[in-house]
Number of protein chains: 2
Amino acid sequence: MSLRIAALGLLAEGPASGYDLLKHFEKSMANVWPATQSQLYSELNKLAAGGLIEVIAVGPRGRKEYQITADGRAELVRWVTSPQDDPPFRSAALLRVFLLGLIPTGEARSHLHHMAEHSEAEIRRLSELRDSLTCGRVFDSSDEDFFGLAALEYGLRLNAMQAQWARSVADQLEA
Amino acid sequence: MSLRIAALGLLAEGPASGYDLLKHFEKSMANVWPATQSQLYSELNKLAAGGLIEVIAVGPRGRKEYQITADGRAELVRWVTSPQDDPPFRSAALLRVFLLGLIPTGEARSHLHHMAEHSEAEIRRLSELRDSLTCGRVFDSSDEDFFGLAALEYGLRLNAMQAQWARSVADQLEA
DNA sequence: CAGGCCATGTAAGACGTTACATGATTTT
DNA sequence: AAAATCATGTAACGTCTTACATGGCCTG
């Protein structure tokens, strides 16, 4: 469901081919909903079969340019306003936390430090991504990627929280 | 993979039936890795077939009591120390944020307020869960559910962050 | 004309969701 | 005797991962 929506969402900004979408996708929504090339191409076929998008041109190398249809836009708005049927939150990293008692305390502490470092590296990666997207310009709520930047800000805060949490749990473990 | 580990992890604390596990599961790991009854039962069969757990008793109503094996413990430790092959982070809620530009600003702002309220409700739910688990006693790093409580603390911080973030994005939208 | 990029697709298998199916035992 | 709880399982369907397969176009 979600990948289908991601594809529709990208096409809502204008016509594109699967290949174009994939490129754009990796810099934006793939950060919150990763997907592979195979998956995206097959979703595009399903969307076209369902009439939510349509092929408006065929270029060199069999390139198919897709465009969102009115039905597609309707489906997109329906989904955006229906948060109740989202798939649930899942985190293997937190599941691991539950099981940290199975390894020696020193190793558990070390794992927590690694988690903190990983979050800090993510913060650097996301900061760079933000800089590459904004490239110095100012932006406000009418900006076309205002919400993409808001999602990015979420990622920054999430990782900051995670690093602090991991260090605080590690500290409790020392005692 | 992860559900299999969750089941093994619960069995590492002592023998139990699928039914027992399900009950315990819902109060602990299901918060970070939800699963259905069907899925848990079939994982137990697969684990038993693979020799990671074994049936040590059959009780009334066909109740099967499982116990973790040495191979099972080894697998558990292997997984706990291998964070590199975790499934990636996914959030439909954040994907929705990317698409909030598709609905009128007022509705988007209202959605963000709902997100904040949802997080605040989660904070209350998790606080109650914590109280029911600790029931007033003090705990330290030698406590058997120290790490479960650490995961719970993560949930509290995550939701606090989320509520603040949602309100801050909503505020930028006013301007 | 070789190498890199453009461009799309298939197939097998693991994992997850939903709904249904079945029946024994204990409690009221 | 009915209702609640205990207890396990099957089947269909959709999603995600991994690996593989294919070939056209453009640049040097």
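Keep in mind that this is a model prediction, so the values were computed, not measured. Proteins get letters first, then strands, A, B, ... in listed order; numbering begins at 1 in each.
- The separation between B/L40 atom CG and D/dT10 atom C1' is 16 Å, rounded to whole Å.
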Which atom pairs link the protein and nucleotides 24-28 of chain D when you take only N or O atoms and keep those under 3.5 Å?
from: D/dG24; atom 1: N2; to: A/R61; atom 2: NH1; distance (Å): 3.2

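- Contacts between residues 48-59 of chain B and DNA chain D, defined by a heavy-atom separation under 4.0 Å, are absent.
- Using a 4.0 Å cutoff on non-hydrogen atoms, the parts of residues 7-20 of chain A near DNA chain C are A/S17, A/G18, A/Y19, ordered by number.
- Looking at which nucleotide of DNA chain D each of B/N45 and A/S38 is closest to, the 5′-most match is held by B/N45.
- Residues forming a side chain to side chain contact (heavy atoms under 4.5 Å, CB included) with B/L22 (at least two apart in sequence, or on another chain): B/E26, B/Q37, B/L40.
- Distance, B/Q37 CD to D/dT10 P: 12 Å, rounded to whole Å.
- Under a 4.5 Å side-chain heavy-atom criterion applied to ILVMFWY residues, the cluster that includes A/Y41 comprises A/Y19 as well.
- A donor-acceptor pair shorter than 3.5 Å cannot be found between the side chains of A/R124 and A/N159.
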If you restrict it to nitrogen or oxygen atoms, what contacts under 3.5 Å exist between nucleotides 13-15 of chain D and the protein, and what is each distance?
from: D/dT15; atom 1: OP1; to: A/M1; atom 2: N; distance (Å): 3.2

Do any side-chain atoms of residues 68-80 of chain A form donor-acceptor pairs under 3.5 angstrom with protein atoms, and if so which ones, sequence neighbours left out?
from: A/T69; atom 1: OG1; to: A/G51; atom 2: O; distance (Å): 2.8
from: A/T69; atom 1: OG1; to: A/L52; atom 2: O; distance (Å): 3.0
from: A/T69; atom 1: OG1; to: A/D71; atom 2: N; distance (Å): 3.4
from: A/T69; atom 1: OG1; to: A/G72; atom 2: N; distance (Å): 3.1
from: A/R73; atom 1: NH2; to: A/A12; atom 2: O; distance (Å): 3.4
from: A/E75; atom 1: OE1; to: A/R78; atom 2: NE; distance (Å): 3.0
from: A/E75; atom 1: OE2; to: A/R4; atom 2: NH2; distance (Å): 3.2
from: A/E75; atom 1: OE2; to: A/R78; atom 2: NH2; distance (Å): 3.1

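- A search for side chain to side chain contact (heavy atoms under 4.5 Å, CB included) contacts involving A/R167 returns A/H113, A/A116, A/E117, A/E120, not counting sequence neighbours.
- From the 5' end on, the contacts that DNA chain C makes with chain B at under 4.0 Å to a non-hydrogen atom open and close at C/dC15 to C/dT25.
- A search for side chain to side chain contact (heavy atoms under 4.5 Å, CB included) contacts involving A/T36 returns A/S38, A/Q39, not counting sequence neighbours.
- If you measure from atom OH of A/Y41 to atom C1' of D/dT22, you get 13 Å, rounded to the nearest angstrom.
- When each of A/K23 and B/P34 is assigned the nucleotide of DNA chain C bearing its nearest heavy atom, the one mapping closer to the 5' terminus is A/K23.
- Every residue two or more places apart in sequence or in another chain was checked for a side-chain hydrogen bond (donor to acceptor under 3.5 Å, both in side chains) with B/E107, and none qualifies.
- Identified under the salt bridge (Lys or Arg N to Asp or Glu O under 4.0 Å) test for residues 46-56 of chain B, with sequence neighbours left out: B/E43-B/K46.
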